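The sequence lines fix the lettering, A, B, ..., with proteins before strands; numbering per chain opens at 1. As the structure is a computational prediction, the values presented were derived from the model and not from experiment.
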Amino acid sequence: MASAKTQPARGMRDFLPADVRKREYVIGVIKSVYERYGFEPLETPAVENIETLMGKYGEEGNQLIFKILKRGEHEKTGEADLALRYDLTVPLARVVAQYQNELPKFFKRYQIQPVWRADRPARGRFREFYQCDVDVLGSKSMVVEAELIAAASDALVALGFNDFTIRVNHRQVLTGMLDQAGVPRDKHNDAVIALDKMDKAGPEGVAKELSERGIVDESAVKLMRFFEGLAGVQKALDLVDLKEASDGRLAYNADVLGRLVEFIGAHEIGASGVDDLRQILQFAKASGADQRIKLDPTLARGLAYYTGAIIEINVKDLAGSLGGGGRYDNLVGMFLGRDVPACGFSLGLERIIVVMSEREMFPAALVSSPADVMVTIWNEDSIGESIVLASELRSRGFRVDVYPEADKMGKQFKYASSRDIPFVAIIGDDERARGEVAIKNMRSGEQRSVSRNNVSELIDGVDLRARVADMRQVGEADDSIKPGA
RNA sequence: GCGGCUAUAGCUCAGUUGGUUAGAGCGCCUGACUGUGGAUCAGGAGGUCGUGGGUUCGAGCCCCACUAGCCGCCCCA
């Protein structure tokens, strides 16, 4: 037999049962939090017309779109007319433009589906991956930003995260800062890319890159002085012994806001951006999410469609982000010809899973066995009886596996053991003669016989509803499992 | 797209300056155990050393290309 390549395509993955359980658990938690915020579900096709996607993500984004060649007689032209969706935001904008009359004035939707990018795979980065998006369309109010931040924050907390940072910036603030520093508009992109590397490359690295990207020294010095000022604030706060770490965060944000006002001054666009940030902090305070927020004037984000606030969530042990989003007030306009204000946020499922696995944050119940009870088969003649017993147990709510062959008892027990099934039911000749069934508790090793009607008495400690409820709870340290188990 | 590292049994890895028949642990299968898993013991299966070329009397080892994976850059969820 010829052995073919069995790996999935590059950057794509198969999900075995344990993987799927983890994924469904995370999706379930996120979904329930999103619904608690009044978001409604939406699904869109994997494939979009290529014009729908092209030009929405910037130059780099265009290259990373998975394109689908024309089919049939046009295939040989090598042209593409369809493409796999690159994110969930642009399809949403299309949907809103298409169904504007059927959707509510303020459309709050969540969408958890895969997207595809022809990117190079890396840790936490795949070519097919799930995004968990929430977006609000129809309002320019910063209440939207604050609520999205609170929802994403709640979702992460519900999954057991407590150390994430929600970085917030604003496209208009970036514009204001760069204008005030005297950076010409056509160099804004270059400057932003350089500034974005502040946390990795440090001030020296950024200064060097600014100069390499053709930002004149005078502008660069103004910018660097500002950011060194911010770093100084952070350093000073680190030295103070605060009661709560979040107090430092709040003090820092207040200070940054003040410095931005000062730096941007009367610059109209910039000042309105700073005002947005002020409001976001104010509204986020009401939900308590402000303690997670860190204003970060170096945050850039690559997607071309953002117009206002930009948001990104980070944890220390992951180079990339756990999620990101922002305001995109004129993306819908590209489809509709009339702007609809919008803002959204996306959590990256794969990255959340990478970090949760490494930190062993998944609840133990997740890796539990595929069944509560396995019914053995005594011999060929008793197969029917085993199936009847399985049906009885299933009707009582147990998850029941029937060993499919009349194998040696040892084999059957070994199989149940290897699958971590907690109870094994046996109806052998003796049991049958007495109208009983033997139940062995595989954890304790104890085995007892009871009449068929009382079987469930011996299968204790198993309650599907309790298990599901347990899974939904925030994972505690001693409630966790080994990754990859 | 760029730079570095890696690829040997199902898994984790040894493998000497290039030299007969490539090893270990774990796992798997069989038996000790005619109605019972985990522990122990005995035995067994499983590798064209990622793929393709090259150097050499001889390559798991050296060289080249390709593929896949990891780390960094770029970008991103």
Side-chain angles (χ1 to χ4, degrees), chain A residues 3 5-13 26 30 57-65 85-89 112-133 152 156 189 192-194 196-197 200-201 205 209 299-304 306 310-315 318-326 344-355 374 376-379 382 403 406-432 438-447 449 484:
Chain A
S3 64
K5 253 189 199 169
T6 53
Q7 297 166 306
R10 181 171 158 80
M12 311 280 176
R13 289 156 307 152
V26 173
I30 291 173
Y57 305 106
E59 206 176 306
E60 187 121 11
N62 278 349
Q63 295 179 343
L64 297 178
I65 294 172
R85 66 172 165 240
Y86 180 88
D87 70 0
L88 302 176
T89 308
I112 300 175
Q113 286 193 284
V115 304
W116 292 268
R117 295 184 188 177
D119 212 341
R120 194 183 159 177
R123 178 173 123 100
R125 175 154 74 190
F126 306 93
R127 288 181 154 186
E128 177 181 55
F129 62 98
Y130 273 66
Q131 291 194 320
C132 311
D133 277 38
L156 290 176
N189 247 337
V192 161
I193 290 168
D196 193 32
K197 294 177 190 164
K200 279 183 198 165
E209 179 144 358
L299 177 66
R301 294 192 58 76
L303 296 180
Y306 291 124
I310 43 184
I311 307 163
E312 192 164 297
I313 297 190
N314 300 87
V315 284
L318 193 71
S321 60
L322 285 185
F345 192 86
S346 176
L347 286 172
L349 180 67
E350 339 295 319
R351 300 206 165 160
I352 287 171
I353 289 173
V354 163
V355 176
M374 189 190 84
T376 55
I377 290 186
W378 182 247
N379 57 34
S382 73
Y403 194 88
D407 215 336
K408 286 160 91 175
M409 275 297 120
K411 289 273 184 93
Q412 302 194 43
F413 274 90
K414 196 165 183 172
Y415 180 76
S417 179
S418 74
R419 306 215 66 203
D420 212 23
I421 295 172
F423 293 93
V424 172
I426 310 105
I427 341 175
D429 293 338
D430 298 350
E431 285 80 8
R432 212 166 339 163
I439 300 291
K440 175 159 179 171
N441 180 326
M442 297 295 280
R443 305 254 157 84
S444 67
E446 181 192 13
Q447 178 171 325
S449 291

*Asks:* Please determine, by modelled atom types, if A:D133 and A:S346 share a side-chain donor-acceptor pair under 3.5 angstrom.
*Replies:*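 On atom types as modelled, these side chains qualify, holding a pair under 3.5 Å.
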*Asks:* Taking for each residue the nucleotide of RNA chain B bearing the nearest heavy atom, is the 5' side occupied by A:E312 or by A:K197?
*Replies:*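 In this pair, the answer is A:K197.
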*Asks:* Taking the C1' atom in each of B:C29 and B:G35, what is the distance between them to the nearest angstrom?
*Replies:*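 The same atom, C1', in both gives a distance of 22 Å.
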*Asks:* Decide yes or no on side chain to side chain donor-acceptor pair (under 3.5 Å) for A:Y57 and A:D87, but give the supporting numbers first.
*Replies:* CA-CA 9 Å; A:Y57 305 106; A:D87 70 0; 2.7 Å; yes
*Asks:* Check the distance between B:G37's P and A:N441's CG and give it to me in whole angstrom.
*Replies:*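 Roughly 15 Å, once rounded to whole Å.
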*Asks:* Does A:Q447 reach a base, just sugar-phosphate, or nothing at all? Heavy atoms under 4.0 Å.
*Replies:*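 Answer is base: heavy atoms of A:Q447 come under 4.0 Å of a base.
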*Asks:* How far does the P atom of B:U12 sit from the matching atom of B:G53, given to the nearest Å?
*Replies:*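 That atom pair is separated by 28 Å.
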*Asks:* Between A:K408 and B:G31, is there a contact of a side-chain N or O with OP1 or OP2 at under 4.0 Å?
*Replies:*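 Yes, because at least one side-chain N or O of A:K408 sits under 4.0 Å from OP1 or OP2 of B:G31.
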*Asks:* Given the P atoms of B:G50 and B:A45, what is the spacing between them in whole Å?
*Replies:*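 Those two atoms are separated by 23 Å.
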*Asks:* Rounded to the nearest angstrom, tell me the gap between atom CZ in A:R125 and atom P in B:G69.
*Replies:*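 Whole-Å distance recorded here is 13 Å.
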*Asks:* Identify whether any heavy atom of A:I193 sits under 4.0 Å from a base atom; if not, whether one sits that close to sugar-phosphate; answer base, sugar-phosphate or nothing.
*Replies:*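 Answer is sugar-phosphate: A:I193 comes under 4.0 Å of backbone atoms only.
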*Asks:* Would you give the length of the straight line joining atom CE of A:M442 to atom CD of A:Q447, rounded to the nearest 0.5 angstrom?
*Replies:*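 CD of A:Q447 is found 9.5 Å from CE of A:M442.
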*Asks:* If B:G3 has a Watson-Crick or G-U wobble mate with both distances under 3.5 Å, name it; if not, just say none.
*Replies:*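 Across all strands, the one nucleotide that pairs with B:G3 is B:C71.
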*Asks:* Does A:Q412 get its side chain close enough to the base of B:G35, under 3.5 Å, for a donor-acceptor pair?
*Replies:*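 Counting by modelled atom types and ignoring angles, no donor-acceptor contact under 3.5 Å is found here.
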*Asks:* With rounding to whole Å, what would you report as the distance between B:A39 and B:C26 at their P atoms?
*Replies:*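 Their P atoms lie roughly 11 Å apart.
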*Asks:* When all nucleic acid strands are considered with a 4.0 Å heavy-atom cut-off, which category describes A:R443: base, sugar-phosphate, or nothing?
*Replies:*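 Base contact.
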*Asks:* So, do A:L156 and A:L322 sit near enough that their side-chain heavy atoms are less than 4.5 Å apart?
*Replies:*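 Yes, at least one pair of side-chain atoms sits under 4.5 Å.
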*Asks:* Would you mind pulling out the nucleotide paired to B:U55, Watson-Crick or G-U wobble, both distances under 3.5 Å?
*Replies:*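 For B:U55, the partner nucleotide comes out as none, under the 3.5 Å rule.
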*Asks:* Would you mind pulling out the nucleotide paired to B:C26, Watson-Crick or G-U wobble, both distances under 3.5 Å?
*Replies:*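 Result: B:G10.
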*Asks:* Whether the side chain of A:K411 and the base of B:G37 hold a donor-acceptor pair under 3.5 Å is what I'd like checked.
*Replies:*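 In this structure, the two groups form no donor-acceptor pair.
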*Asks:* When you compare the ring of A:F129 with the six-membered ring of B:A77's base, are the centres less than 5.5 Å apart and the planes under 30° from each other?
*Replies:*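 Base of B:A77: stacked against A:F129.
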*Asks:* Could you give the CD1-to-P distance, from A:I377 to B:G35, as a whole number of Å?
*Replies:*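 Nearest whole value for this atom pair: 17 Å.
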*Asks:* Which part of the nucleic acid, if any, lies within reach of A:E431 when heavy atoms closer than 4.0 Å are counted: base, sugar-phosphate only, or nothing?
*Replies:*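 If one applies the 4.0 Å heavy-atom cut-off, A:E431 turns out to touch a base.
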*Asks:* Using Watson-Crick or G-U wobble geometry with both distances under 3.5 Å, which nucleotide pairs with B:U48?
*Replies:*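 No nucleotide pairs with B:U48.
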*Asks:* Given B:A77, B:G37, B:G35, identify the nucleotide with an atom nearest to the side chain of A:S321.
*Replies:*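 In terms of side-chain proximity for A:S321, the closest of B:A77, B:G37, B:G35 is B:A77.
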*Asks:* Just call it for A:K414: base, sugar-phosphate, or nothing, with non-hydrogen atoms closer than 4.0 Å on any strand.
*Replies:*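 Sugar-phosphate: the residue A:K414, judged by heavy atoms under 4.0 Å, touches backbone atoms but no base.
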*Asks:* Between A:E209 and A:K197, does any NZ, NE, NH1 or NH2 come within less than 4.0 Å of an OD or OE carboxylate oxygen?
*Replies:*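 Looking at A:K197 and A:E209, the cut-off is met.
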*Asks:* Roughly, in whole Å, what's the span from CD1 in A:I421 to P in B:U36?
*Replies:*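 Those two atoms, CD1 and P, are 18 Å apart.
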*Asks:* With rounding to whole Å, what would you report as the distance between B:A24 and B:C49 at their C1' atoms?
*Replies:*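 Those two atoms are separated by 16 Å.
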*Asks:* Can you check the A:Q63 CD to B:C74 P distance for me, whole Å?
*Replies:*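 Result: 17 Å.
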*Asks:* When the C1' atoms of B:A77 and B:U17 are compared, how many Å lie between them, rounded to an integer?
*Replies:*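 B:U17 and B:A77 have their C1' atoms separated by 50 Å.
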*Asks:* Name the residue closer to the 5' end of RNA chain B, choosing between A:G11 and A:R127 according to the nucleotide with the nearest heavy atom.
*Replies:*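 Whichever sits nearer the 5' end wins; that is A:G11.
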*Asks:* In whole angstrom, give me the gap between the P atoms of B:C64 and B:U21.
*Replies:*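 Going atom to atom, P in each nucleotide, I get 28 Å.
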*Asks:* Any side-chain heavy-atom pair from A:Q131 and A:I112 closer than 4.5 angstrom?
*Replies:*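 They are not in side-chain contact.
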*Asks:* What is the distance, rounded to the nearest whole Å, between atom OH of A:Y403 and atom P of B:U36?
*Replies:*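 Taking OH of A:Y403 and P of B:U36, I get 14 Å after rounding.
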*Asks:* Students often get this wrong, so: under 4.0 angstrom with heavy atoms, is A:L322 touching a base, only sugar-phosphate, or nothing?
*Replies:*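 Contact class for A:L322: sugar-phosphate only.
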*Asks:* When the C1' atoms of B:A9 and B:C2 are considered, how many whole Å apart are they?
*Replies:*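 Nearest-Å result for B:A9 against B:C2 at atom C1': 36 Å.
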*Asks:* Does the B:C75 base have a donor-acceptor partner in the side chain of A:R120 within less than 3.5 Å?
*Replies:*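 By the distance-only test, no, there is no pair.
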*Asks:* Taking 4.0 angstrom as the limit, do A:D119 and A:R127 come out as a salt bridge?
*Replies:*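 So A:D119 does not pair with A:R127 through a salt bridge.
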*Asks:* Scan A:G445 against the nucleic acid and name what it touches under 4.0 Å (heavy atoms): base, sugar-phosphate only, or nothing.
*Replies:*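 The answer is base, as A:G445 lies within the cut-off (heavy atoms under 4.0 Å) of a base atom.
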*Asks:* Under 4.0 Å, heavy atoms only, any strand: does A:D87 hit a base, just the sugar-phosphate, or nothing?
*Replies:*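 Answer is nothing: A:D87 stays at 4.0 Å or more from every strand.
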*Asks:* Under 4.0 Å between a side-chain nitrogen and a carboxylate oxygen: does that hold for A:R125 and A:E350?
*Replies:*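 Judged by the 4.0 Å cut-off on N to carboxylate O distance, A:R125 and A:E350 do not form a salt bridge.
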*Asks:* By the 4.0 Å heavy-atom rule, please label A:F126 as base, sugar-phosphate, or nothing.
*Replies:*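 The residue A:F126 makes base contact.
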*Asks:* Taking any strand in view, what nucleotide pairs with B:A39 in a Watson-Crick or G-U wobble way, both distances under 3.5 Å?
*Replies:*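 No nucleotide pairs with B:A39.
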*Asks:* Could you state the atom-to-atom distance from CE of A:M442 to C1' of B:G35 in whole Å?
*Replies:*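 A:M442 atom CE is separated from B:G35 atom C1' by 14 Å.
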